[in-house]
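Remember, predicted model here, so these are calculated numbers, not experimental data. We name chains A, B, ... by the order of the sequence lines, and we start the count at 1 in each one.
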Amino acid sequence: MGSNADKEGSDSFGWDTEDEQELMLPSSASPRCFGNGFVGCSDEASSSAGPSTKLISHFVGMGFSRDMVLTAIDENGEANTDAILETLLTYSALEKSPPKTEHVACEGEQFASEWSSSESAGDFLDDFSDEDYVGSEDNDENLSEMERTLKQLVGMGYPAAEAAIAIERCGQDASIMELTDFLCAAQMAKAADALLEELPRFGSNEGEQRRNYFNGDPRKKKRFYADDNWERKRQKQRVRHRDPNEEIDTTIIPNPMVGFGIPGEPWRARHQRTLPDEAIGPPYFYYENVALAPKGVWSTISRYLFEIEPEFVDSKYFSAAARKRGYIHNLPIGNRFPLLPIPPQTIHEALPMTKRWWPTWDSRTKLNCLQTCLASAQLTDRLRKAVEDYNDNPPLNIQKYVMEQCRKWNLVWVGKNKVAPLEPDEIESLLGFAKNHTRGGGISRTERLKGLGNSFQVDTVAYHLSVLKDMFPNGMTVLSLFSGIGGAEVALYRLGIHLKTVVSVEISETSRNILRSWWESTNQSGNLIDIDDVQKLDADKLEQLINSFGGFDLVIGGSPCNNLSGSNRVSRDGLEGKHSSLFYDYFRILNQVKVIMAK
DNA sequence: AAAAAAATGATCGTTGGC
DNA sequence: GCCAACGATCATTTTTTT
């Protein structure tokens with residue numbers, strides 16, 4: 001993925017920072033209060049004189065001009081934030097809605113900083129009011145499709161803020177049914193969240209094995225609401241989504257990172273767990289992403305996915321390379337079995353030719369995480385020069401430097417004093433694919449490496465999926481989202497599970513080609529349908545697919561991690577990042593599938 | 001020979017678990 | 001304190017295609 005996950009306008013007003021998300025938490029247990037985005041904020045605002053800067057900047061941050069916001073607050077009063085938002089939306093609809101929302105959608109960050117310079121505020125309205133402002137009748141003819149839908153949803157009793165988000169997430173031309181599904185699911189997720197605040201959800205009443213996975217501290221939330229730096233932070237050029245006073249992530253990553261169990265260690269495995277009713281299939285589902293995401297991300301993901309506890313697993317227990325990932329799924333966890341043959345577990349077994357050249361002072365037995373970037377030839381050359389003057393025994397400082405670089409870039413010894421990055425076919429093997437899985441057919445080496453870097457580790461995923469084999473002796477119908485180079489498909493295939501129909505959604509053409517070519521070279525008798533964009537997979541399309549195949553047995557996928565990964569220094573923006581926010585499409589599609597299949 | 005695509009290399013912080 | 005982390009961007013060179 002990477003270049004492929006972009007979606008015009010997939011960022012949105014509404015959920016673009018965790019601050020706002022935090023503010024949207026209901027303060028009462030009433031599920032219908034969700035939409036009031038300011039339960040926490042307006043209390044505070046009402047106690048101070050004049051419009052709260054927080055309130056103003058919140059709306060400005062959503063892309064409305066300061067003038068507009070002030071007027072809207074004037075009209076509605078500060079407390080009624082839903083009404084303010086509606087007024088604002090109406091203003092923009094009357095003026096000309098596209099420029100506002102699109103601008104915000106694509107350039108949220110610059111936008112925020114734009115407004116931090118004092119006097120650019122206020123011209124937004126002017127910008128388009130003199131263009132093609134036609135008439136101000138408040139009738140539907142002047143409203144865009146989106147505004148009409150919005151009105152309709154508001155008319156149905158949904159808060160405007162939520163409705164706007166739903167349209168954003170489901171796409172402008174989503175059907176009302178689709179939108180209400182989304183809203184319904186979102187409300188359930190938030191209701192659960194509200195409960196979470198009140199109860200010690202995962203208590204220790206299940207004994208030692210069930211460790212506390214959330215342990216929220218409500219006091220910290222209070223401190224957050226009292227934080228006056230909100231506006232300043234929001235306007236920093238690089239919006240930082242992490243903040244000490246923000247929602248505390250209470251996700252506990254187990255050590256060792258073996259999830260609910262790994263092959264060969266039955267004494268450590270869990271065999272039972274209790275899933276909430278809403279989480280139980282059909283369909284089964286399986287979601288994946290990087291384990292070491294910014295704080296709060298996994299608890300958010302979990303909240304959306306029925307509050308199922310993530311299973312964190314490092315693939316170093318399945319192969320010779322580390323890969324720390326979290327998985328949320330509703331599969332049974334007893335009676336798993338590993339793929340055979342068990343792949344080599346050490347670097348030397350996986351790459352026998354390196355053994356001969358491996359210096360005694362390089363103690364690595366496992367590789368670090370396989371990523372999308374490789375070391376340069378220059379670097380390996382520098383390392384060669386650093387080492388070759390010493391006869392197999394460089395001084396400690398040289399050893400230290402070389403080892404640092406080797407770990408950082410996952411280098412292996414391929415000759416006397418020679419280190420090198422892994423070759424694509426070696427990465428394929430380490431990830432559980434056949435050699436040349438990604439080779440040929442017009443795929444460049446760079447794209448190969450990118451696809452591989454973003455892939456599942458097949459043995460790991462297959463171990464989790466193995467429980468399906470006995471349950472589906474006649475094969476499965478699979479919806480594979482963000483398929484990439486087909487890790488899920490390969491895992492199922494290698495388990496000997498027949499693939500009846502696979503609907504695969506993958507934006508990258510080269511990745512689709514790789515999957516298609518694998519499908520053909522393995523002589524699959526089933527049907528592979530590919531779709532390029534998750535946003536094209538709307539309720540209608542799903543209904544059509546489900547009607548023709550009789551429903552999905554499994555919905556599987558890992559959404560883009562690039563805004564979550566620690567390697568990303570530029571845009572580690574969290575779950576609301578440009579790419580990683582596609583998680584919400586996973587959530588949306590899963591719920592739509594459930595709804596449609598329930599009928 | 002020009003244009004397009006692919007490859008290369010340098011450089012860029014922060015976070016969070018242990 | 002140590003260490004790891006499905007990355008992004010830019011300029012430049014090299015290779016391939018037209």
Out of C/dC6, B/dC18, B/dA7, whichever nucleotide has its closest atom nearest the side chain of A/Arg445: B/dA7

Considering only NZ, NE, NH1 and NH2 on the basic side and carboxylate oxygens on the acidic side, decide whether A/Glu309 and A/Arg270 come within less than 4.0 Å. yes

Figure out the CZ/P separation between A/Arg569 and C/dG7, and round it to whole Å. 12 Å

For A/Leu367 and C/dC6, what is the distance between atoms CG and C1' respectively, to the nearest whole Å? 15 Å

What is the separation between atom CH2 on A/Trp298 and atom P on B/dG16, rounded to the nearest whole Å? 16 Å

Phosphate OP1/OP2 of B/dA6: any A/Thr446 side-chain N/O under 4.0 Å: no

With a 4.0 Å cut-off on heavy atoms, is A/Lys408 in touch with a base, just the backbone sugar-phosphate, or nothing at all? nothing

Distance test, side-chain N/O of A/Lys450 to OP1/OP2 of C/dC6, below 4.0 Å: no

What is the distance, to the nearest angstrom, from the CG atom on A/Asn568 to the P atom on C/dG7? 8 Å

Pairing partner (Watson-Crick or G-U wobble, both distances under 3.5 angstrom) of B/dG13: none

Whole angstrom value for the distance that separates P of C/dA4 from CG of A/Asn410: 10 Å

How many whole angstroms separate atom CG of A/Leu374 from atom P of B/dG9? 11 Å

If the threshold is 4.0 Å, N to carboxylate O, is there a salt bridge linking A/Arg445 and A/Glu423? yes

Pairwise P distance, B/dT11 and C/dC6 [rounded to whole Å]: 24 Å

Quick check on C/dA8: is either OP1 or OP2 less than 4.0 Å from any side-chain nitrogen or oxygen of A/Asn562? yes

What are the two closest non-hydrogen atoms of A/Ile342 and A/Gln345, and how far apart are they? CG2-NE2, 3.8 Å

Start at the 5' end of DNA chain B and walk down; is the nucleotide closest to A/Leu292 or to A/Leu379 reached first? A/Leu379

Should A/Ser444 be listed as having a side-chain N or O under 4.0 Å from OP1 or OP2 of B/dA7? yes

Spell out yes or no: do the side chain of A/Gln457 and the base of C/dC6 have one donor N/O and one acceptor N/O closer than 3.5 Å? no

Roughly, in whole Å, what's the span from CD in A/Gln378 to C1' in C/dT13? 12 Å

Nearest-Å distance for atom pair NZ/C1', residues A/Lys400 and C/dG1: 11 Å

Should A/Arg572 be listed as having a side-chain N or O under 4.0 Å from OP1 or OP2 of C/dG7? no

Report the residue (A/Gly566 or A/Arg382) whose heavy-atom-nearest nucleotide on DNA chain B is the more 5′ of the two. A/Arg382

Are A/Phe433 and A/Trp518, when compared by the centres of their aromatic rings, separated by less than 6.0 Å? no

Sugar-phosphate, base or nothing in reach of A/Arg407, heavy atoms under 4.0 Å: sugar-phosphate

Candidates B/dG9, C/dC6, B/dT8 - which lies nearest the side chain of A/Arg323: C/dC6

Will you find, in the side chains of A/Asn568 and A/Ser565, an N or O donor that is under 3.5 Å from an N or O acceptor? no

Test of ring centre spacing under 6.0 Å for A/Phe587 and A/Tyr287: no

Are OP1 or OP2 of C/dC6 and a side-chain N or O of A/Asn563 less than 4.0 angstrom apart? no

Measure from the side chain of A/Asn368, starting at C-beta and using heavy atoms only, and say which of C/dG7, C/dA4, B/dC18 lies closest. C/dA4

Of the nucleotides C/dT9, B/dG17, C/dA5, which has the atom closest to the A/Lys295 side chain? B/dG17

Is the distance between the ring centroids of A/Tyr584 and A/Tyr304 under 6.0 Å? yes

OP1, OP2 of B/dA10 versus side-chain N and O of A/Ser376: anything below 4.0 Å? yes

Short side-chain N/O contact from A/Gln371 to OP1 or OP2 of C/dA5, under 4.0 Å: no

Mate of C/dC6 across any strand shown (Watson-Crick or G-U wobble, both atom pairs under 3.5 Å) is none

Check every strand shown and say whether A/Cys561 touches a base, only sugar-phosphate, or nothing at a heavy-atom separation below 4.0 Å. base

